[in-house]
J.: 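I have a structure I would like to understand better, so I am pasting it below and will then ask my questions one at a time.
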There are 2 protein chains.
Amino acid sequence: MYGPFDATYARLSQALAVKLDGAFVSCRNAAMNDRPTTTLDQVARAAGVSPSTVSRILNGTARVSEAKRRSVEEAIAALDYRPNVLAQGLARGRSLTIGVLTQDIASPFYSESLKGIEEALAGTGYAPLFVSGHWDAEEEARKVALLVDRRVDGVIVLTGMIPDDALIATAERVPVAVTGRTLNAPRLIAIDLDHEAGAYAATRYLIDLGHTRIVHLAGVQGHADARARLAGYRRALAEAGIAEDPALIVDGQFNENGGLDAVNALLDHRVSFTAIFAANDQSAVGARLALYRRGLRVPDDVSLVGFDDLPGSLYTTPPLTTVRQPAYELGRLTARVLLHLIDNRPLPALDLPMSLIVRDSAGEPA
Amino acid sequence: MYGPFDATYARLSQALAVKLDGAFVSCRNAAMNDRPTTTLDQVARAAGVSPSTVSRILNGTARVSEAKRRSVEEAIAALDYRPNVLAQGLARGRSLTIGVLTQDIASPFYSESLKGIEEALAGTGYAPLFVSGHWDAEEEARKVALLVDRRVDGVIVLTGMIPDDALIATAERVPVAVTGRTLNAPRLIAIDLDHEAGAYAATRYLIDLGHTRIVHLAGVQGHADARARLAGYRRALAEAGIAEDPALIVDGQFNENGGLDAVNALLDHRVSFTAIFAANDQSAVGARLALYRRGLRVPDDVSLVGFDDLPGSLYTTPPLTTVRQPAYELGRLTARVLLHLIDNRPLPALDLPMSLIVRDSAGEPA
DNA sequence: GCGCAACATGAAAGCGCTTTCAAAATGACC
DNA sequence: GGTCATTTTGAAAGCGCTTTCATGTTGCGC
């Protein structure tokens, strides 16, 4: 037992926590003295021109004499004027905001897509407004409504459980781009990747290595991606003439703990297998820990293949062989396509391949 | 060599990629037929009352006769009316938006704080607007300006490199809450955790286990947290009477690759050590992989302690002993404090402890 | 039934910007 | 120098909401 400090000890799940120090906080809560924000009218007055002229200069909407331009620019600099984007939005009928419904702002997978969206929007004047639905159809609908109420100029939905109908209805008000679905409606664009093919490739890879007893750590029931990946697994087995064993298809819940529990259960029941195909990297990581705890080596004793290629999967021990989903690129593309949809421009060409990334977690069976 | 498919092969960094399938895209780009959005005026007309009355009912600003209330509510339902939040913001002078400057939307550490902010704001009417500064003072300043231009009602800054002055200047326009600094200014609140103490505890823990040759995988130079953690490491050594060996303090860059490279270099140079204290979990994970590649066991051959307690650190092999930073709670608290600052209410009590989470990656030296 | 307070309601003036429309200024040309 | 096309500019009307202010109602006590 460990205990050198004169501190309080607390037994956590499987961790001993030592409380250390509190937070340092500093603040001077001054009297409300909002620095008065300067408006376009003030700039106009200072420059001796009309508000319209200032607006025109700001937006380059029309030609303006050099003299006025200069005096307006001086006034802007002197007053440190910054246009009120809200007011602009109201006047123009566009908010320059793109609403993005993700499921969990901290999801290692979707946050890559958010990054792609951010990147695609950078420099366009649009700012993304991120909201999380937590895989709950109701909450997702509420969050989409929130976006619409804020008059976003477009909505991006990253997968989720919100029904197609709701998305179609939303598309009546504002252009929508959704990933992870196939869907056809006016002012709505759906971008999907071929999860079935990815899963097929992963499973086929294991089969080609010589495995026949392959566990599938399935994703969350009712989730479209989970279904597609299971289908790919099945197709690969069928094609190879390997009979499907229901005992090998277990629930991995798409998360670490699910993978951990599932593999523990498998091992407890003495189910025999030589490889695991996890429906996502997170459950693969959980599975890997369960194997580690039982002293099973990867890939020597058990081969492991994941799905997603999370940034961290390059650094697991051993680095994880997995199906790469181009999450970042998907986000970028989706945002780009949405902008095109908003401007009613022709849609750009699309090409987003899934790919099997072979690292060190799978090998031939012992 | 592996190659069962009739597919293209490509040699990646350390991975063989098999290109699979393209994206499925569906869309019907209908003619622009924006469903006309209904306004408060229309509701008023439909209900046979004045706009003021509708507004009052919407906001509960004043008592209204039961009859009118009912007819307005019917009109709202019939027209499917939703208030325009932008217009409300303009009229009220408040946007109901909180700007949040993070560094990387996909950072596993900071996204926990974002989650906390989201949680704290849920149900308050405020929505967070997330922007990323990428640890670049210039970009951070630009992003903060963007937030101010959108007239956010408050700004949260998660650490970052933006100079204190810039924050103080921002605070003249809008309330600011910043983490990872100690700073005192009007309408600005700074919340910091004690990184030095956390690092001290981690190092002391290793020392108490019997280690004396302890590597410190330092964070990014010039980063305040990195400095504080190094200081804690040093204090623990000094207190224990262990002479500091400069060869043991190496640059881990706060990321996986940095940790990997640093430990590789150490091993290449045959520096002897029995433990590693990494300045964050990401570099610890990189270090762990480097050790794995060399056949060194954790914790049998080398003990490893991280910093942050990322969600994934519970599932590394072995689970990582680390200093827990309450990132989620920090986000929640910061948002809450900011709301108080905005409303000029007394600030809530604060208590955010760091704690050493003992898992399985550190033990007594061999 | 009268006077006054209390209340419910509507008119209208913003919030800070854009944009249409028409007037004023400029310049080209004969 | 006058005419007309072309540009530059400003006045004013919104965008969709809130909020002040004034008006019209109601209710109460006497």
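Small disclaimer: the values here were computed from a predicted structure and weren't measured. Just so it is clear: chains get the letters A, B, ... in the order the sequence lines come, proteins before strands, and each one is counted from 1.
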J.: Of the non-hydrogen atoms in Ala120(A) and Arg336(A), which two are nearest, and what is the gap between them?
T.: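 For Ala120(A) versus Arg336(A), the nearest heavy atoms are CB-N, 4.4 Å.
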J.: So which nucleotide from dT19(D), dT18(C), dT9(C) ends up closest to the side chain of Arg92(A)?
T.: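 Selected nucleotide (nearest to the side chain): dT18(C).
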J.: Whole-Å distance between dT7(D) P and Glu66(A) CD?
T.: 17 Å
J.: For the side chain of Lys68(B), starting at C-beta, report the closest nucleotide among dT9(C), dG16(C), dC15(C).
T.: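 So the side chain of Lys68(B) is nearest to dT9(C).
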J.: Would you kindly give the CG-to-P distance between Asn84(B) and dC15(D), to the nearest whole Å?
T.: 12 Å
J.: Nearest heavy atom decides the nucleotide; on that basis, is Gln88(B) or Arg56(B) closer to the 5' end of DNA chain D?
T.: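 Result of the comparison: Gln88(B).
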J.: In whole angstrom, give the distance that lies between atom CG of Asp41(B) and atom C1' of dA12(C).
T.: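 In whole Å, dA12(C) C1' and Asp41(B) CG are 12 Å from each other.
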J.: Round to a whole Å and report the spacing from CD1 of Ile76(B) to P of dC17(D).
T.: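 That distance rounds to 10 Å.
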J.: Base, sugar-phosphate, or nothing for Ser55(A), non-hydrogen atoms under 4.0 angstrom?
T.: base
J.: For Leu167(B) versus Leu188(B), what's the shortest heavy-atom pair and its separation?
T.: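 The pair with the smallest heavy-atom distance is O-CD2, 3.9 Å.
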J.: So, Ser50(A) versus Thr53(A): side-chain donor-acceptor pair below 3.5 Å or not?
T.: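 Judged by distance alone, the side chains do pair up.
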J.: Over all heavy atoms of both residues, which pair between Ala145(B) and Arg82(A) is shortest? Give the atoms and the distance, please.
T.: CB-NH1, 3.7 Å
J.: Taking the side chain of Leu90(A) as heavy atoms from C-beta outward, which of dC15(D), dC17(C), dT7(D) is closest to it?
T.: dC15(D)
J.: Could you tell me whether the phosphate oxygens of dT9(C), OP1 or OP2, come under 4.0 Å of any side-chain nitrogen or oxygen in Ser50(B)?
T.: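 No, Ser50(B) has no side-chain N/O under 4.0 Å of OP1/OP2 on dT9(C).
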J.: Expressed in angstrom and rounded to an integer, what is the separation of Ile57(B) atom CD1 from dT18(D) atom C1'?
T.: 15 Å
J.: Applying a 4.0 Å non-hydrogen cut-off, can you work out what Ser52(A) is touching in the nucleic acid: base, sugar-phosphate, or nothing?
T.: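 The residue Ser52(A) makes base contact.
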J.: Could you tell me if the side chain of Pro175(B) sits less than 4.5 Å from the side chain of Leu338(B), heavy atoms only?
T.: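 Yes; the side chains approach each other to less than 4.5 Å.
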J.: Find the distance Leu86(A):CG to dT18(D):P and express it as a whole number of Å.
T.: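 After rounding, the reported distance stands at 14 Å.
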J.: Taking the side chain of Thr53(B) as heavy atoms from C-beta outward, which of dT18(D), dG10(C), dC17(C) is closest to it?
T.: dG10(C)
J.: Is there a side-chain contact between Thr37(A) and the phosphate of dG16(C), meaning an N or O under 4.0 Å from OP1 or OP2?
T.: no
J.: CZ of Arg45(A) versus P of dG16(C): gap in Å, rounded?
T.: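 Going from Arg45(A) (CZ) to dG16(C) (P), I get 11 Å.
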J.: To the nearest angstrom, how far is Arg151(B) atom CZ from dC17(D) atom P?
T.: 21 Å
J.: Determine: side-chain N/O of Arg63(A) to OP1/OP2 of dT7(D), distance under 4.0 Å, yes or no.
T.: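 No, no such contact exists.
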